[in-house]
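Here's the structure we're looking at; comments come further down.
Per chain, numbering begins at 1; letters A, B, ... match sequence-line order.
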There are 2 protein chains.
Amino acid sequence: MVTIQDVAKEAGVSKATVSYVLSGSNAISEQTTKRVQKAMKKLGYSVNHTARALATAKTNTIAIVAPYRSGNFFSLSRGAYLYALSNAARKFGYDTLLLTGENDRQLIVDAVEGRKIAGAILLDIVNDDPRIATAKQLKLPVVLLGKADNTQGLPYVDTDFEYAAEMMIHRLAAFGHKEVVLIGWPQEQYDIQMNYAVRFLQKALECAQSVGIVLRVVYANDETLGASTEITEALCGYPQATAFIIHNDAAVLAAPQVMQGCGLAVPDDISIITVVPDQIATGMKIPYTSFFIDVNAIVDTAMDVLVRQIQQHNTGTETILVKPNFADLGSLSQKN
Amino acid sequence: MVTIQDVAKEAGVSKATVSYVLSGSNAISEQTTKRVQKAMKKLGYSVNHTARALATAKTNTIAIVAPYRSGNFFSLSRGAYLYALSNAARKFGYDTLLLTGENDRQLIVDAVEGRKIAGAILLDIVNDDPRIATAKQLKLPVVLLGKADNTQGLPYVDTDFEYAAEMMIHRLAAFGHKEVVLIGWPQEQYDIQMNYAVRFLQKALECAQSVGIVLRVVYANDETLGASTEITEALCGYPQATAFIIHNDAAVLAAPQVMQGCGLAVPDDISIITVVPDQIATGMKIPYTSFFIDVNAIVDTAMDVLVRQIQQHNTGTETILVKPNFADLGSLSQKN
DNA sequence: CTGAAAGCGCTTACAG
DNA sequence: CTGAAAGCGCTTACAG
C-alpha cells in the first residue's frame, strides 16, 4: 500500500506537506500542491483512515442502533429507514455501523469505548428507553429517531403523529363521520410503549372526544395476515362506523383486498385514511388518502442534528417533529 | 481515556506484557496476568480498536453492499436481511458497515483503499453484476448473497430457487394440476436480470414443460398494490388454471384477500404455493404451503464463508445453495 | 516469562 | 510556505 511517505518522496517534499495539501489546513504554494497531487495520482494514493483516526482521535463513523425486540412483530419499513440513514450519513461524510442485537446497551458501550463511533442514531424508541441513560452516561452524541416521554434532554426527530391524528379526526369530523374505527398495531407494541404507536392513538382519542366522534380502537394482533381478520370483525362489530383510520403498515397493505372481499367500495361504502411511510406508499401504490411519513426528510434531519452535535455546532437540544405529507387520493366521502 | 500505558503503570509491568495478556498470544505468568487484569478493571480499560487496527493492519469490519436501483421496487424483506447480516457478523467478531448508494463500485473501492473493511457481502446480485469485477480487482474477500451466471470464481450463497421451483412443479404435477399460474416479480426485475427472479422462473418453466404442465407467467407490475390486479386478471384470463405459484413477497401478502375478494376458497377452488422469506412468512402469518427462505441460514452461511476467506482458511471457492424449508399448510388440493 | 524498542500511517504544533 | 519531530495507542519480533 502506498503511504504518505511514498508520496512525499515522489514529490520531493516532506510528509507534513503532503498531509497539508490533503487536508488543506495549511497554506501550501500552488506549485507544491500540484506536484504533490501529481505524485498522489501517479502512485494511486488513498489516505489510511485508520491512521488518520488514531492521529486525530476522531472517527467518521455513526452507529445505527436497532434493538431486537422479541415477538413476531416484523417491520416492513425497516429496510427503507436503514437505507435512508446510510445515504444521509454519507452525505455528511460519515460511515454507518449497524448495531443490532438483544444487548444493545452493551453494544453501544463497546463501540464508544473501542473508539469506533462518533455518534449514534437510536431507532425504535420506547418510553423509558434504557439506551437514553446509556447515551447520556457515555456523553455520546445521539439523536433519537422517535420521541419518548422523557428524552432527558436528548434531541429527537420523529414524524409528527399528533399532527396526523389531529388532522385526520378533524377532517373526518368535517366530512360528517360520527363513528370511526382505528386499526392500530399489535397490542404488544402499546404494551412496550412503542412511542409512535402510543402517541398517535392518544391524540386520536383525545381529538375524537373533543369533536364528538366515537372512536373504536382495534389492535391488529399478529395472528392473521395484515389484520384482515380484525378489519373484517370491525366491519361487523361496528356497523355504524363509516370510516377507518389505519396506522399499521401491514394492515394498509391488506386493506384493499379485505374491503373488496367484504364487497365494500371505497369511499362509497366506507372511507379510509392512513398514515404510512412514503416508501411503502409509493412502492406498493397505496390507494388511500394518507399522511405519508417522509422517511428521507426525517432521516436527513436527524443526521443533520447528529452531525452538528458531533462537530460541536449544536445549537441547544433539538426536538423536531416532521409533519407527514397529506395526499388526498379520494378515499374519504362526505357524510353530511 | 485510559490507555495500555496506564494499565502497565498501574500493574507495574510493561506495555508489551499488557498487550500479551490482552491477546493471549504470549505466555504470561498467572500472577502477572491477574495483576494486569485487576489494573484493567480498576481503570476501566478498553482497547482502542483504531490503534490496534493500525498496528496489525487488520480491520474487523465487513461491508454490506446494497445497491440502489432505480424504479419503484421496494423490498419488504430488506430489513430482515440487513438485521440478520449484522447479527451474523457480530457472532464472528466483526462489525458491519452499511454501503449503499448509486455508485456502489466506488464506495467499495474507497472503503478498501481507506482500509476500512476486511471483506464484503454483496446483496441484490444481478447477472453481469459490475461489483464482481471490482471485488476481483481489489482482491477483496467477498461473498455474493445471490448467484450470478458468471461469478468469476467468487463464492456465493443463495437460496436454492431451482430446487424450490422443481419441487413445486413436481408436487403440483403429482397432485394432478395441468395448468398453473406463476405470479412473479415486476417485469423490470427480470429485465435487469435479478438473479433469483430469473433462476426460479427458468427452472419452473423447464420443469413444467418436462412434466406437461402448462405454466402461465404473470409479471406483477408495480402499478397496483400487491399484484392484486394481476392475480385477479389471471383468474379470469386462465380459467382452466387450478393452482398459483407465487414468487413475489407483496403478492403473497395480498393473496389471501384477493382470493377472498374473488370468492375463491383455498384450496378447494384454487391451490396456492409460495416461496417467501421465513421472516415475512412468520411475522405476517402467511397461510400457504410454501418454501420458506431461511434468511438466517443463508446469512450465517455467507458470513461463515466470508470470514474463512478473510482469515485465509478458505477451502476453495464455495458455492452454496441453501434449500428453502418446505411447510405444508394445506393450501394444495388433489386434482386427480 | 518479561521488557525495551521499533513501527503502523497519519497529524500537528513549532521553528524557521 | 515548508520540514523535523513528537505523538496517537497499540503490536510484535527480539533479546534476555
Side-chain angles (χ1 to χ4, degrees), chain A residues 1-40 43-61 93 95 110-118, chain B residues 1-40 43-61 93 110-118 311:
Chain A
M1 288 282 103
V2 26
T3 72
I4 208 171
Q5 183 67 277
D6 303 324
V7 175
K9 193 181 296 177
E10 172 75 24
V13 297
S14 72
K15 288 192 303 175
T17 302
V18 176
S19 180
Y20 289 139
V21 337
L22 224 39
S23 64
S25 67
N26 215 341
I28 298 288
S29 75
E30 196 176 331
Q31 208 181 43
T32 311
T33 302
K34 282 203 174 130
R35 209 138 36 87
V36 169
Q37 285 170 337
K38 192 175 294 179
M40 293 197 296
L43 302 180
Y45 172 78
S46 8
V47 67
N48 181 327
H49 284 271
T50 303
R52 176 177 282 178
L54 181 60
T56 60
K58 281 194 179 68
T59 169
N60 279 301
T61 305
D95 288 320
D110 290 347
V112 171
E113 294 192 337
R115 259 116 321 175
K116 292 177 179 173
I117 59 172
Chain B
M1 290 282 105
V2 26
T3 73
I4 210 173
Q5 182 68 276
D6 302 325
V7 175
K9 194 181 294 176
E10 172 75 23
V13 298
S14 72
K15 290 190 303 174
T17 301
V18 176
S19 179
Y20 290 139
V21 339
L22 224 39
S23 65
S25 66
N26 215 342
I28 299 288
S29 76
E30 196 176 332
Q31 207 180 43
T32 312
T33 301
K34 282 205 175 128
R35 211 138 34 89
V36 169
Q37 286 171 336
K38 191 175 295 178
M40 292 197 296
L43 302 180
Y45 173 78
S46 4
V47 64
N48 180 327
H49 285 270
T50 301
R52 176 177 283 178
L54 180 59
T56 59
K58 281 193 179 68
T59 170
N60 279 301
T61 306
D110 290 347
V112 171
E113 293 192 339
R115 257 111 330 171
K116 292 177 179 175
I117 59 172
Q311 299 174 351

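For dG3(C), one of the phosphate oxygens OP1 or OP2 lies less than 4.0 angstrom from a side-chain nitrogen or oxygen of T17(B). Considering only side-chain N and O atoms, T32(B) lies nowhere under 4.0 angstrom from the phosphate OP1 or OP2 of dC1(C). For dC10(C), the OP1/OP2 oxygens have a side-chain nitrogen or oxygen of Y45(A) closer than 4.0 Å. At least one side-chain nitrogen or oxygen of S19(B) sits closer than 4.0 Å to the OP1 or OP2 atom of dT11(D). When the side-chain nitrogen and oxygen atoms of S14(B) are compared with OP1 and OP2 of dT2(C), none of them lie within a distance under 4.0 Å.
Side-chain atoms of V36(B) and T33(B), non-hydrogen and from C-beta on, never get closer than 4.5 Å to each other. When side chains are defined from C-beta on, N48(A) does not count as touching M1(A), because their heavy atoms never get closer than 4.5 Å. Looking at heavy atoms from C-beta onward, M40(B) lies in side-chain contact with V21(B) at the 4.5 angstrom threshold. Put simply, the side chain of T32(B) reaches to within 4.5 Å of the side chain of T17(B), judged on heavy atoms. With a 4.5 Å cut-off on side-chain heavy atoms, L22(B) and Y45(B) count as touching.
Out of dC10(D), dC14(C), dC10(C), the shortest distance to the side chain of A55(B) is found at dC10(D). In this structure, of dC10(C), dG9(D), dC10(D), it is dC10(C) that holds the atom nearest to the side chain of T3(A). When distances run from any side-chain atom of L22(B) to the nucleotides dT11(C), dT11(D), dG3(C), the shortest one goes to dT11(D). Closest to the A16(A) side chain, of the nucleotides dT2(C), dC10(C), dA4(D), is dA4(D). Residue S29(B) has its side chain nearest to dT2(C) when only dT2(C), dC10(C), dC10(D) are considered. Among dT11(C), dG9(C), dC14(D), the nucleotide with an atom closest to any side-chain atom of Y20(B) is dC14(D). Considering only side-chain atoms of T56(A), the nucleotide from dC10(D), dT2(D), dT12(C) that sits closest is dT12(C).
Atom P of nucleotide dA6(D) and atom NZ of K15(A) are separated by 12 Å, given to the nearest angstrom. Remark: C1' of dT2(C) and CZ of R35(B) are 11 Å apart, rounded to the nearest angstrom.
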